[in-house]
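See below for the structure under consideration.
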Amino acid sequence: MLIFDFDGVLIDSVGEIAVTAYNMLKGTIVTRLDQLPQAALDLFLRNRFHVQPIGDAPALMAWCLETDASDPQRLLSEKEYDDIIRYIDEPVTVRTTRFFDTRARFKARDLKAWIALNTPVQPLWGRLIEMRSSDRVMLTNKNREATLALCNHFGLQVNNANIYSGDNGTTKIDNMQQIRQRFKDCNHAFIDDSVKNLSEIDAYFNKDKKAIALIFAEWGYTGPDDARLARDLGFQSLTIEKFIYQLQNKF
């Protein structure tokens, strides 16, 4: 059974995440990318790949807003990013809930503008629609309501029960445990665009024997060395073309 990450792998939502993070920090409800400071937006887009739990996105945006605009191409090292996150007093579960609440206010204010900041990843999205299956499983840090709303809007069938989301601060490891318990008789494979996420799942579930095949999505929110690092860690690293080929012939 193939399990999909959502943001980055199936949907390009980086613009919406940037706007929502900005709104959460500023207490506003802006609805367009051109309402954000351009230098901060450029920095956020460049460093988005560092973010794991979405509650950390506002911390990255705060750093982007405070950083000298003279270097909009600055790339944070893993240590520099971890240092930003480490000194936040507010628990990540609380930040995540506030992020989702901010997103909900954005959607309620201007649904059309919110949708416009999300784009299906093609040609993968179209291929999944052609396969006409509602049995696919999604494991995502996004909240369930937003995931389902985007799938419905862009025409992808998905069973609500098959969305394992980040609501209430639930981690991907917690959700993967639920998936494995529910689908006990299946072989499991998981595709994600975060080497960090794959590494954590690998360390937890594959410690004694390989229980989950892990695939790195090279087309997602990725850093410059992530594909090489994924291969070094023993994960399959695929372009979108190679993944679609496997989807058609293997899964």
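Numbers here are sequence positions counted from 1.
Residues V9 and W219 are in side-chain contact: their nearest non-hydrogen atoms beyond the backbone lie under 4.5 Å apart. At a threshold of 4.5 Å between non-hydrogen side-chain atoms, the residues T67 and C64 do not count as touching. Contact of the M176 side chain with the L139 side chain is registered, since non-hydrogen atoms from C-beta on lie closer than 4.5 Å. For the pair I11/T119, no side-chain contact is recorded, criterion being any heavy-atom separation below 4.5 Å from C-beta on. For the pair R180 and H188, the minimum side-chain heavy-atom distance is below 4.5 Å. In this structure the side chain of D5 never reaches within 4.5 angstrom of the side chain of I191, judged on heavy atoms. At a threshold of 4.5 Å between non-hydrogen side-chain atoms, the residues M138 and L10 count as touching. Proximity of T222 to F216: side-chain heavy atoms (C-beta onward) are separated by under 4.5 Å at one or more points.
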Evaluation steps, side-chain hydrogen bond (donor to acceptor under 3.5 Å, both in side chains), between D167 and S165: CA-CA 6 Å; D167 292 274; S165 66; 2.4 Å; yes

Evaluation steps, salt bridge (Lys or Arg N to Asp or Glu O under 4.0 Å), between D202 and K210: CA-CA 8 Å; D202 187 51; K210 188 171 182 178; over 6 Å; no

Stepwise side chain to side chain contact (heavy atoms under 4.5 Å, CB included) check, Q52 with E200: CA-CA 11 Å; Q52 277 184 281; E200 289 180 358; 3.6 Å; yes

Full working for side chain to side chain contact (heavy atoms under 4.5 Å, CB included) between R136 and N162: CA-CA 7 Å; R136 60 184 59 91; N162 289 354; over 6 Å; no

Criterion side-chain hydrogen bond (donor to acceptor under 3.5 Å, both in side chains) on Y204 and Q177, from CA distance to verdict: CA-CA 10 Å; Y204 192 93; Q177 287 179 312; 2.6 Å; yes

Derivation of the side-chain hydrogen bond (donor to acceptor under 3.5 Å, both in side chains) call for N197 and D192: CA-CA 7 Å; N197 285 336; D192 199 318; 3.3 Å; yes

Side chain to side chain contact (heavy atoms under 4.5 Å, CB included) between V137 and F183, worked out: CA-CA 10 Å; V137 174; F183 301 98; 4.0 Å; yes

Trace of the side chain to side chain contact (heavy atoms under 4.5 Å, CB included) decision for T93 with N168: CA-CA 7 Å; T93 53; N168 303 312; over 6 Å; no

From CA spacing to verdict: side-chain hydrogen bond (donor to acceptor under 3.5 Å, both in side chains), R86, Y81: CA-CA 9 Å; R86 184 178 298 118; Y81 176 77; over 6 Å; no

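Electrostatic pairing of R103 and E16 counts as a salt bridge here, judged by a charged N lying under 4.0 Å from a carboxylate O. Note on E90 versus R98: salt bridge recorded, some NZ/NE/NH1/NH2 to OD/OE distance being below 4.0 Å. Checked for salt-bridge contact, R228 and E218 miss the test: no charged N lies under 4.0 Å from a carboxylate O. Salt bridge annotation for D83-K79: present, with a cationic side-chain nitrogen under 4.0 angstrom from a carboxylate oxygen.
Residue I244 comes nearest to P123 through the heavy atom pair CD1-CG, 3.6 Å, listed as atom of the first residue, atom of the second, then distance. Heavy atoms only, all atoms of each residue included: A161 and R182 are closest at O-NH1, 3.0 Å. Shortest non-hydrogen contact noted between F49 and D226 is CD1-OD2, 3.8 Å. What you find for F190 and I3 is that their closest heavy atoms are CD1-O, 3.2 Å. Between A59 and I88 the shortest heavy-atom distance is CB-CD1, 3.1 Å. What you find for F6 and K142 is that their closest heavy atoms are CD2-CD, 3.7 Å.
In the hydrophobic clustering of this structure, L117 groups with I115; members are Ile, Leu, Val, Met, Phe, Trp, Tyr whose side-chain heavy atoms approach within less than 4.5 Å, directly or through other members. Under a hydrophobic-cluster definition in which Ile, Leu, Val, Met, Phe, Trp and Tyr are linked whenever side-chain heavy atoms come within less than 4.5 Å, directly or via other members, V51 and V92 are assigned to different clusters.
Checked against salt bridge (charged side-chain N to carboxylate O under 4.0 Å, His left out), K196 has the following partners two or more places apart in sequence or in another chain: D82. Shown here are the ring pair (Phe, Tyr, Trp, His ring centres under 6.0 Å) partners of F205, two or more places apart in sequence or in another chain: there are none. Residues forming a side chain to side chain donor-acceptor pair (under 3.5 Å) with R105 (at least two apart in sequence, or on another chain): T102.
Tested against F99, the residues V94, N143, I17 include a single side-chain contact (heavy atoms from CB on, under 4.5 Å) partner, I17.
Between the NZ atom in K26 and the CE atom in M61 there is a gap of 10.0 Å [rounded to 0.5 Å]. The CG atom of L156 sits 5.5 Å away from the CD1 atom of I129 when rounded to the nearest 0.5 Å. Taken from CD1 in I215 to CZ in F235, the straight-line distance is 11.5 Å, to the nearest 0.5 Å. Taken to the nearest 0.5 Å, the CG atom of L233 stands 9.0 Å off from the CG atom of L198. The distance from the CG atom of L214 to the OG atom of S199 is 8.5 Å, given to the nearest 0.5 Å. The CG atom of D12 lies 9.0 Å from the CG atom of D7; values are rounded to the nearest 0.5 Å.
Classified by interplanar angle (parallel below 30°, tilted 30° to 60°, perpendicular above 60°), the ring pair F154/W125 is perpendicular.
Within the 3.5 Å criterion, the main-chain N or O of A227 finds no donor-acceptor partner in the side chain of D232. Put simply, the side chain of N141 never gets that close to the backbone of I54: no donor and acceptor are under 3.5 Å apart.
Taking the ring centroids of F44 and W63, they lie at or beyond the 6.0 Å cut-off.
Residue Y245 qualifies as open at atom OH: its count of foreign heavy atoms under 6.0 Å is 12 or below. Heavy atoms of other residues, nucleotides or ligands lying less than 6.0 angstrom from CD of E80 number more than 12. Around atom CD of Q122, more than 12 heavy atoms belonging to other residues, nucleotides or ligands sit under 6.0 Å away.
There is a side-chain donor-acceptor pair under 3.5 Å between T171 and D174.
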